[in-house]
Visitor: 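This is the structure, below, for whatever I ask next.
Letters A, B, ... are given to chains in the order of the sequence lines, protein chains preceding strands, and every chain is numbered from 1.
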Amino acid sequence: MIAPDLFKLDDVDGHSSAIDGEIPADREAKAAEAIRSCPEQAISVIP
Amino acid sequence: MSTEQVTNEERKKNRYHFDRHTPEYREQFNEITTEMLDKCPVAWTDTYDGHWVAAGHAEVFELARSAEYLSNDHDPANERRGYHGISIPSPKVSFRGGFLEMDPPEQRHYRQMLNPYLSPAAVARWAPLVDELVRASLNEKIESGRIDFVDDLANIVPAVLTLAMLGVPLKNWDIYVEPVHASVYTPPNSPDMARVQASRIAMRDDMAAQLTAIRANPRPGLIDALARAEINGTVPPDFELLGVISLLIGGGFDTTTALTSHSLEWLSQHPEERQRLSAERDTLLDSATEEFLRYFTPSPGDGRTISADCKIAGQEFREGERLWLSWAMSNRDPEVFPNPNQVDLERTGNRHHSFGLGIHRCIGSNVARMVFKRMLLAVLDRMPDYVCDPAGAEHYQTIGIIQGMKHLPATFTPGPRIGDGLEETVARMQVLVDEQRLAEPVTARKGAATID
């Protein structure tokens, strides 16, 4: 995972979800990289 | 202009002679891919009774995720619409290849049932056992200074692990490994085909015997889940369950073998990159794994059938038309991957299509990544100076089904054995699998395997 502190994986089905709705300021670059890396293009940031 | 008025000639104006089953397609892959991406990211080809080919990254992405207009259904008995599943051309001897050749809701029922065996948390439990199998496989060759990375490592570990997850006795791995590997690379007209067919029949007999035995005396694993399955309110017939087991075996074996052998060959050709990957593995291993997946795309694509007239990615399709989604070509799209024909171990934003996309995305991707990484690191640690022999390296002649290798011999400075050999290790791992009930779903058993 690109940003294991921002996303968690479900034990049972493996689906990913955000740990917290808010992205800490110092993690914005990692969040952006996760968005760029998601093969299903399923991640977006709501401004 | 309305949809009805568009002539077939107009719809099929982007044409490309595309035949992925020829040796020329493998030899000219970069040139063909560049040309198609540039001129016709979605094209019509007359080969195999005519079908569409999607090569562009954006086009493949949009198409693969349009499940409402695409069908994976394989219906050889013509009980529904007679569709041909994911192979182009459709195989002469036809049976349904598990849930990859089904549509929802049946497909979804199978996936939901098997996910708890294959999620990242479920797969992580197997890592200590994989390390034991890798160690033992390398032991068999470490003192001689010679190894065939396909025959002696990359064919064995994924096969034994897949059988363990299924609930099949591990010692049966050699009944399974040869037919799965050889039936992918042996051309239909080869004199060796009779032998390959016989080995496939032996494998299918063993699969059927395992299903019967597990139904009579349940033991944990993917087959146990299938033996107790109720799909969409009915109990599936055994031939359908055998199709699912074949899919799990086909997906679990030769794909990871192909990724591992190609990556080891590339690292032999690029010794400085190999040294850097080994030294900086904590930061490089994940991105390098995704890059090898992108560049070598073991499973190069999937067929679909258009299930309703539609317009997707700017192209009009008609119900019943066949479509090839090329993961391999879309993985070289310069719009998404700068310098697409270069391996960049640090590549970021690597949204490759090597596991497919959408509802049929590879259910075993976490297994593939874990096993690949464990094999690669062990080779880097125990055979750090290995050199592959280009004269002995044998790639599949064609890459229409799997981009794989038959042989990859290498030499290295001999080293000491660590612990026991393969046969003893497989026997010990069998005891461990049984005693610790490792093949249970993660919902029933959470902890990692414990090795004495």
Visitor: Which pairs of donor and acceptor atoms, one on a side chain in residues 222-232 of chain B, lie under 3.5 Å apart (sequence neighbours left out)?
Guide:
residue: B:Asp224; atom: OD1; partner: B:Arg228; partner atom: NE; Å: 3.4
residue: B:Asp224; atom: OD2; partner: B:Arg228; partner atom: NE; Å: 3.3
residue: B:Asp224; atom: OD2; partner: B:Arg228; partner atom: NH2; Å: 2.8
residue: B:Asn232; atom: OD1; partner: B:His109; partner atom: NE2; Å: 3.3
residue: B:Asn232; atom: ND2; partner: B:Glu106; partner atom: OE2; Å: 3.3

Visitor: Could you report the tightest heavy-atom contact between B:Ser119 and A:Asp10, atom names first, then the distance?
Guide: CB-O, 4.3 Å

Visitor: Let's test your reading of the structure: which of B:Thr348, B:Leu118, B:Asn350, B:Val336 forms the most heavy-atom pairs below 4.5 Å with chain A?
Guide: B:Thr348

Visitor: For B:Phe355, which atoms come within 4.5 Å of any heavy atom of chain A: side chain, backbone, both, or neither?
Guide: neither

Visitor: Heavy-atom count check: over 12 atoms from other residues, nucleotides or ligands less than 6.0 Å from A:Lys8 NZ?
Guide: yes

Visitor: Do you know which of A:Ser37, A:Ala32, A:Gly14 has the most heavy-atom pairs with chain B at a distance under 4.5 angstrom?
Guide: A:Ser37

Visitor: A:Glu40 side chain to B:Leu357 main-chain N or O, any donor-acceptor pair under 3.5 Å?
Guide: no

Visitor: Would the distance check show the side chain of A:Arg36 and the main-chain N or O of B:Arg351 forming a donor-acceptor pair, the cut-off being under 3.5 Å?
Guide: no

Visitor: Has B:Tyr69 got more than 12 heavy atoms of other residues, nucleotides or ligands less than 6.0 Å from its OH?
Guide: no

Visitor: Chain A heavy atoms under 4.5 Å from B:Arg111: which part of the residue, side chain, backbone, both or neither?
Guide: neither

Visitor: Find the one option among B:Ala124, B:Ala122, B:Ala121 whose heavy-atom pairs under 4.5 Å with chain A are most numerous.
Guide: B:Ala121

Visitor: Hey, what do you get for CG (A:Asp11) to CG (B:Asn115), rounding to the nearest 0.5 Å?
Guide: 12.5 Å

Visitor: So with a 6.0 Å cut-off around CD of A:Gln41, is the heavy-atom count from everything else above 12?
Guide: yes

